[in-house]
Amino acid sequence: MSSALQTQSRPSSSQAPLPKAWPFEEAAKLAARMEAKGPDAVPLLETGYGPSGLPHIGTFGEVARTSWVRQAYTALTGRPTRLLAFSDDMDGLRKVPDNVPNREMLAGFLGRPLTRVPDPFGTHDSFGAHNNARLRAFLDGFGFAYEFASSTDYYRSGRFDDALIRVLERHDEIVATIAPTLGPDRRATYSPVLPIHPDTGVVMQVAIERIDAAAGTVAWRDETGRFFETDVRGGGAKLQWKADWAMRWAALGVDYEMSGKDLIDSVRLSSKICRVLGAEPPVSLTYELFLDEHGQKISKSKGNGISVEEWLRYAPPESLAQFMFNQPTRAKRLFFDVIPRAADEYLAYRGKAATQARAQDPALHANPAWFIDAGRTESAGPPVSFGMLLNLASVANADSPDVLYGFLDRYQPGAGPDSDPLLARLVEHAVAYYRDFVRPAKRFRNPDERERAALVDLAETLKGAEPGTSAETLQNLVFEVGKRHDFPELRAWFGCLYEVLLGQKEGPRFGIFIALYGVPETVALIEASLLRHESGQEPGQEP
């Protein structure tokens, strides 16, 4: 992603048809809401973060998608927007995370707001502050434009005081709204108000004995029976999270917030509470959750997902953005095999965006690359796909980028680490992905008699090719050889090339591969495979 995400695009004509991209559909809904607020109203979009854990791939997806709605809204209306990244850091620490130091120390602070729990890493004033800093560094690293907000700061500063008094005034209505969703025991003692214990600092889930909205207080007893009367203002109390979400929408005037499918019921309930508080809930989008390669829901406890750090080891952030852009309301499988496809999808859209921009094609605004690159369409991108780099790395057994650059420079003189920053990143990623995923999975097979004859024919045909023969001409030569040997379908011929020569089920457009790898080198690759067959060598991981 680029820091250009902070740059808003020029508005399109309000009379033009709506671009066929989901961010524009969301932007149109937001624009309809904003009409009632007047021409000078600036919509507030929000994303939420629970700082009991570190930012993850879902955090990226939610902020990226919301940013694209912002971009579409400005293109549609010509008006600015605001994005608030809100941290629920006043939540009580429910359990000690497994992936932090000083776990024994943390166990003594269960139930306290995260901003009142010491930082186990020893770098910040609190555990909440540490994870908030990680969130901001995470978002800044991707160039997102946002305003950061701390729940603790908003409660303590009095920002929510008026809304909290409103909660006390409508307390019984809020309880009546939430009660049907609770079990009998919880329903008997439920209150949306959680006072902070003045002695222990723990966020208390207790029955509220008396409410005084005029004084702004609630009366309650702790587990020892001690009686307290707490002023809910200035950080003396917080709200249960569904009521808290609704109160925040009402207090801040949030106009748009998306959330995952697992929160559908919570969105519905919080929307009802928001209306009880006298405000209209925001426009929302429900996005689907991710599945693993077996179609199972991804779970942090199972460890069956991909982290942002893992994805970025094997492909650039633009590819992760492409994955997030595609059909957010449909469940998608998130595992390592999807990374190369996402990278090449982005590269293809980037090249198309450059062409659309030059032609002033209105379809540009429906192109995912227009969103991912924040409207920048000057460069069409590298001369080869990520998949081609992986295939080249596979055949050349590339353990370093220098091996690939040798082939790239011959294919396109001047192509090197300094010629194209994106190409340089792709080469680094391709070597890493090849080393960890492609090489261990390579499985070669020997050709049958028809395939062997066709391979011999292809080698001889390539030997007659003129130096500098184009990739397209080479592709046609490969086609003609396949046709001469009466394959039931040409897909079987190309399957032979991939499985016998490359050791994989799928592969590149072969003419481009030959042009990149080199005609003499491809002939040598074919002859080595045939020699292995003639010598009776069993196929396996390496030829």
**Report entry** Phe290 ring center within less than 6.0 Å of Phe323 ring center
**Finding:** yes
Report task. For residues Ile178 and Thr181, determine if any side-chain heavy atom of one lies less than 4.5 Å from a side-chain heavy atom of the other. Result -> yes
Query - Criterion side chain to side chain donor-acceptor pair (under 3.5 Å) on Trp245 and Glu257, from CA distance to verdict - result: CA-CA 11 Å; Trp245 205 8; Glu257 182 162 2; 3.2 Å; yes
Query raised in the report: Are Glu46 and Trp249 side-chain neighbours, meaning at least one heavy-atom pair lies under 4.5 Å?
Result: yes
Query raised in the report: With distance as the sole criterion, is a donor-acceptor pair present between the side chains of Gln322 and Asn326 under 3.5 Å?
Result: yes
Query raised in the report: Hey, are the side chains of Thr355 and Asp361 touching, using non-hydrogen atoms and a 4.5 Å cut-off?
Result: no
Query raised in the report: Any side-chain heavy-atom pair from Val42 and Met34 closer than 4.5 angstrom?
Result: no
Query raised in the report: With a 4.5 Å heavy-atom cut-off, do Pro317 and Leu312 have their side chains touching?
Result: yes
Report task. Step through the shown structure and confirm whether more than 12 heavy atoms of other residues, nucleotides or ligands are within 6.0 Å of CD on Glu310. Result -> yes
**Report entry** Crowding at CZ, Arg435 (>12 non-hydrogen neighbours, <6.0 Å)
**Finding:** yes
Query raised in the report: Between Gln504 (side chain) and Glu506 (backbone), is there a donor-acceptor pair under 3.5 Å?
Result: yes
Query raised in the report: Quick one: are Tyr349 and Phe325 in side-chain contact, heavy atoms under 4.5 Å?
Result: no
Query raised in the report: Any side-chain heavy atom of Ile273 within less than 4.5 Å of one from Val167?
Result: no
Report task. Taking the six-membered ring for Trp and the full ring for Phe, Tyr or His, determine whether the centres of Phe407 and Tyr517 are under 6.0 Å apart. Result -> yes
Query - Thr74 (side chain) donor-acceptor with Arg79 (main chain) under 3.5 angstrom - result: yes
Query raised in the report: With no hydrogens and no angle check, is any side-chain donor or acceptor of Ser270 less than 3.5 Å from a backbone partner on Lys242?
Result: yes
**Report entry** Ile57 vs Leu320 side-chain heavy atoms within contact, under 4.5 Å
**Finding:** yes
Query raised in the report: Which residue pairs pass the side chain to side chain donor-acceptor pair (under 3.5 Å) test with at least one member in residues 330-343, sequence neighbours excluded?
Result: none
Report summary line: salt bridge (Lys or Arg N to Asp or Glu O under 4.0 Å) test vs Glu318 passes for just one of Arg425, Arg350, Arg376, namely Arg425
Query raised in the report: Is it the case that Asp89 and Tyr155 place a side-chain donor and acceptor less than 3.5 Å from each other?
Result: no
Requested in this report: Would you please indicate if the ring centroids of Tyr49 and Phe138 are separated by under 6.0 Å?
Outcome: no
Report task. Mind telling me whether His124 and His130 have parallel, tilted or perpendicular rings, with 30° and 60° as the class edges? Result -> perpendicular
**Report entry** Donor + acceptor pair across side chains of Tyr146, Asp140 (<3.5 Å)
**Finding:** yes
**Report entry** Qualifying residue, where the test is side chain to side chain contact (heavy atoms under 4.5 Å, CB included) with Asp88 and the options are Asp244, Leu114, Thr152
**Finding:** Asp244
Requested in this report: Assess whether atom NZ of Lys37 is packed by more than 12 heavy atoms of other residues, nucleotides or ligands within 6.0 Å.
Outcome: yes
Query - Minimal non-hydrogen separation, Leu422 against Pro382, with atom names - result: CD2-CD, 3.8 Å
Report task. Take atom CD of Gln360 as the centre, draw a 6.0 Å sphere, and report whether it contains more than 12 heavy atoms from other residues, nucleotides or ligands. Result -> no
Query raised in the report: Does any donor atom in the side chain of Glu62 or Tyr287 lie under 3.5 Å from an acceptor atom in the other side chain?
Result: yes
**Report entry** Polar side chain donor-acceptor pair, Trp22 to Thr329, under 3.5 angstrom
**Finding:** no
Query raised in the report: Looking at CG of Leu490 and CD of Glu480, how far apart are the two atoms once the value is rounded to the nearest 0.5 Å?
Result: 9.5 Å
**Report entry** Partner residues of Phe86 under the ring-ring contact (aromatic ring centres under 6.0 Å, His included) criterion, sequence neighbours left out
**Finding:** Tyr154
Report task. Mind running ring pair (Phe, Tyr, Trp, His ring centres under 6.0 Å) on Phe479 and Phe494 for me, showing each step along the way? Result -> CA-CA 9 Å; Phe479 265 111; Phe494 284 99; 5.3 Å; yes
Requested in this report: Using atom types as modelled and distance alone, determine if a side-chain donor or acceptor of Asp255 lies under 3.5 Å from a backbone N or O of Leu45.
Outcome: no
Requested in this report: Check step by step if ring pair (Phe, Tyr, Trp, His ring centres under 6.0 Å) holds for Phe437 and Tyr314.
Outcome: CA-CA 10 Å; Phe437 295 105; Tyr314 300 116; 4.9 Å; yes
